[in-house]
Amino acid sequence: MVDVEAAYRRYFPLIREKCRRMLSDLAEADDAAQETFVRLWRARLRDSDPRRLTAWIYRTSTRIAIDRLRKRAARMSMDEALDRLAFIPSGPDEALAVRRALELVSRTLPATEVEIAVLHRLDGLTQAEIADVAEISARTVRRFLERLDKRVEKLRKENAL
Amino acid sequence: MNGHPSFLQLDRLALGSADPQVAAHVGSCETCRAQLSRVQQAPPIPAWVGDLRSAKSSRRTWWAGSVGALAAIGLVLMIASPRRGPDGDPGAKGAPSVAVYVKRGDVVSLWDGRAPFAPGDALRLKISPQGFGRVAVASLQGDTITELYAAPVTAHGESVLPPSWTLDGTPGPDVLLLVFSHAPLSEDGLRWASAGLPRTSEVWATRLALTKSGGDR
């Protein structure tokens, strides 16, 4: 049985990195990482198979981050947010822009679509990997991503009016 | 991804489970090695981690990880049978149900819905989704909802969920939430299901309050 300190040393760094990819505020990202680790410990999953465990970590930390994103006030215009969501970031500055965009659209889009957007746009997961983490079919992932693009486009048009 | 493995693949490599191709890529890619190094760097232990250890014996989190398979064989008592199907669909096809199997020592039995559990009892759930494609299991502790298991399930027929859980010695009833749905549920979705216990064609939820005899064995 893994003790809590060994579990922290093993899992917390990757949980923290995952949360920092999602949340622009480092302190908030660390809080989200702490919440994820506490849940991991309490759910007694630390001895689980790494594939199952990482899927759980990605799923749980993404949901925690989305909850936090939704509670935040928007810090950018809708126009800017929609522009930022249209591509996958290739560097830290672009990732920051996508995080901020997600803060905004997380209030408008269904949670599942935001979750898939985070896994795709910020974590760079393939559709098959998203299907593994979110426990849905690859076909559903593809449908969600297509729908996300349509929603972003629709929001962009509405916001342009 | 410009040929780089995803963060998920790198994290799995960090935990010792990865595709050999990923390992080979990391061996020749400085960027990925740097990322791997970041997630393998052991951080200092903060005070709240120690609090988790000290809270272990008193907290009400009683669901443990997998403790091995139970031989879930026997009559199925549908403990959580629905009374209604407001939108017609579940009611018309028959609504979801769940049976709880208990392993105490070497003996496996079906919970009768009333008998108190004992610390150390290992539980496993057998479900009949009745058309729903997913199930989520969560423990409820005050305002805290902890997702224990969520996965697609065979929509028709019965299946035994893979994990089993062991009850700890904290006194008082513990509450388990089961939610059947067609799409994955977020934490907000679980919270909503817990509050309203919807029984529609889209989402069907029930709670199981498991009373324990209390004390250590």
Which portion of B:Glu147 sits near chain A, non-hydrogen atoms under 4.5 angstrom = both
Who wins among B:Thr144, B:Leu15, B:Leu185 for the most heavy-atom pairs under 4.5 Å with chain A?
-> B:Leu15
Cation-pi check, A:Lys18 to A:Tyr58: give yes when NZ or CZ is under 6.0 Å from the six-membered ring centre and within 45° of the ring axis, no otherwise.
-> yes
Which answer fits B:Leu10, side chain, backbone, both or neither, if we ask what part of it has an atom under 4.5 Å from a heavy atom of chain A?
-> neither
Are A:Leu145 and A:Gln127 close enough that some pair of their side-chain heavy atoms sits under 4.5 Å apart?
-> yes
Part of B:Ala150 lying under 4.5 Å from any heavy atom of chain A | both
Of the backbone (N, CA, C, O) and the side chain (C-beta and beyond), which part of A:Arg63 lies under 4.5 Å from a heavy atom of chain B, both, or neither?
-> side chain
A:Asp30 and A:Cys19, any side-chain heavy atoms less than 4.5 Å apart | no
Flag the one option from B:Val39, B:Asp188, B:Ile45, B:Leu8 with the top tally of heavy-atom pairs under 4.5 Å to chain A.
-> B:Leu8
Contact winner vs chain B - A:Ile64, A:Asp132, A:Thr140, heavy-atom pairs under 4.5 Å | A:Asp132
Looking at A:Glu115, A:Glu129, A:Arg9, which makes the most heavy-atom pairs under 4.5 Å with chain B?
-> A:Glu129
Is it the case that B:Arg199 and B:Thr206 place a side-chain donor and acceptor less than 3.5 Å from each other?
-> yes
Minimal non-hydrogen separation, A:Arg121 against A:Asp149, with atom names = NH2-OD1, 3.0 Å
Quick one: do A:Asp123 and A:Arg21 make a salt bridge, cutoff under 4.0 Å?
-> yes
Using the six-membered ring wherever Trp is involved, compare the ring planes of B:Trp48 and A:Phe37 and label them parallel, tilted or perpendicular (cut-offs 30° and 60°).
-> perpendicular
Best-contacting candidate, A:Glu5, A:Gln34, A:Glu17, against chain B by heavy atom pairs under 4.5 angstrom | A:Gln34
